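Here the structure is a predicted model, which is why all the values come from computation and not from measurement. Per chain, numbering begins at 1; letters A, B, ... match sequence-line order.
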There are 2 protein chains.
Amino acid sequence: MLTELEAHLEPDEGRPGTVRPGGRTARVRATVLRAAGDALAEQGFDHLDLAEIARRAGVGKTTVYRRWGSVAGLVADLLTDMAEQSLPRARTGSVAEDLRANARLVQRTLTDPRQGALFKAVIAAAVCDARTAEALHRFYDTRIAEWAPCVEEAVERGELPEGTDAREVVRAVSAPLYYRLLASGDPLDEAAADRAAEAVVAAARAGVYVVRG
Amino acid sequence: MLTELEAHLEPDEGRPGTVRPGGRTARVRATVLRAAGDALAEQGFDHLDLAEIARRAGVGKTTVYRRWGSVAGLVADLLTDMAEQSLPRARTGSVAEDLRANARLVQRTLTDPRQGALFKAVIAAAVCDARTAEALHRFYDTRIAEWAPCVEEAVERGELPEGTDAREVVRAVSAPLYYRLLASGDPLDEAAADRAAEAVVAAARAGVYVVRG
């Protein structure tokens, strides 16, 4: 168990052998965010409690209160970390393959027992909590920005029409998968992921995502 | 205020002048579901309470407990009613126009202050409550079945390829709108609705929704 004193020591960034950069402060953060993610996935946002997360993480309660202040603050930081730790975009040289990789990554994430439950919990929390909603929107903004160059480069290569809105294309790949997860409950399988990517490529080729005006 | 006795009288179906069929029992149901929808939109699922809904509806508490049993039971019945009361599909003779009408209906519903809040609350509730999730899936199943003939008739007219999965096409129209509402937070305007419909028509024409195997 890390003590509060340890948690407040200066970070010793980049020390060899640490899994994540940033020394003790960063390790405490990683441990607490891991515990928060586990608790969210298991019991949802409504039953989250900072003291319980501190206990799960083996970190002093005061550290958690001082650093994150509230459950919403902790979940916002978790989403920032999830965006930072997410996999980088594909670079296959083909927009159809890149977007299929994106769709399959989203599908695998949403069907992973822990990650799927975590996303559902955070999305449900964002419905009632403005701070969580903002953090969630920033998460998607970061992920969309990561993948947008797949589309921009496809436009440069002449695969897609000039003026195609890259971010809108990336959003459209994820949308049918989230719709299944949250609304219709239809199977969220790899075929659904592949179809989502193919549909977007067909629509993008037809110029549907070209910005007008 | 309707008394419990009145609520349990035989329904006098089809009496002239009633807004909805089914007499007093049906009127009590409509009044209670309206109150439940208002409460859900205002305060979300977690703070729903059958006694409070009975009070809002001006209906005896025992009637509400006896008829719906639990908040989840009441929300499931609300979703059944929402599916029954929803607008019928378009019949313009053009799949592009029909699906644009569908997208605009979904967009208007989700951006309506009461309806948007209600859908968010129910979707959030479905994350934690299996019975609500089932009722939500039945709601979308009913709505998708209502609009699928727009696609089936387009296939018959030769507008879309043989073997096109009509239900999958209808799902794909709504998906980008729900993604904006629940995940990315991007604007949910008429342009987004029209683009969603156009993208699906382009992908359907390209054969992406043709069932394989």
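- With a 4.5 angstrom heavy-atom cutoff, B:Q43 does not touch chain A via any of its atoms.
- Contacts of B:A204 with chain A are absent, with no heavy-atom separation under 4.5 Å from either backbone or side chain.
- To the nearest 0.5 Å, the span separating OH on A:Y178 from OG on B:S184 amounts to 10.0 Å.
- Counting heavy-atom pairs closer than 4.5 Å to chain A, the top residue among B:S174, B:P176, B:A199, B:A172 is B:A199.
- Residue contact with chain B, scored on non-hydrogen atoms closer than 4.5 Å, involves the side chain of A:A206 exclusively.
- In this structure, chain A has a heavy atom under 4.5 Å from the side chain of B:R180, while its backbone stays farther away.
- Interatomic distance, CZ of B:F119 versus CG of A:L182, reported as 13.5 Å (0.5 Å rounding).
- The residue among B:G185, B:A125, B:A183 with the most heavy atom pairs within less than 4.5 Å of chain A is B:A183.
- Counting heavy atoms of neighbouring residues, nucleotides and ligands inside a 6.0 Å radius, atom CD of B:E84 exceeds 12 of them.
- Heavy-atom pairs under 4.5 Å with chain B peak, among A:K120, A:R205, A:R138, A:R195, at A:R195.
- A:I144 touches chain B through its side chain: at least one heavy atom from C-beta onward sits under 4.5 Å away, while N, CA, C and O do not.
- Among the candidates A:R167, A:E198, A:R171, the residue making the largest number of heavy-atom pairs closer than 4.5 Å to chain B is A:R171.
- Of the atoms belonging to A:D186, it is side-chain heavy atoms, and not backbone ones, that fall under 4.5 Å from chain B.
- In this structure, the portion of A:D46 lying under 4.5 Å from any heavy atom of chain B is its side chain and not its backbone.
- With a 4.5 angstrom heavy-atom cutoff, A:A192 does not touch chain B via any of its atoms.
- For A:E134, no part lies under 4.5 angstrom from a heavy atom of chain B.
- Residue A:A126: no heavy atom, backbone or side chain, is found under 4.5 Å from chain B.
- Ranked by heavy-atom pairs shorter than 4.5 Å toward chain A, the options B:G207, B:G44, B:A133, B:A175 are led by B:A175.
- For chain A, the option among B:A202, B:A124, B:A191 with the highest count of heavy-atom pairs below 4.5 Å is B:A124.
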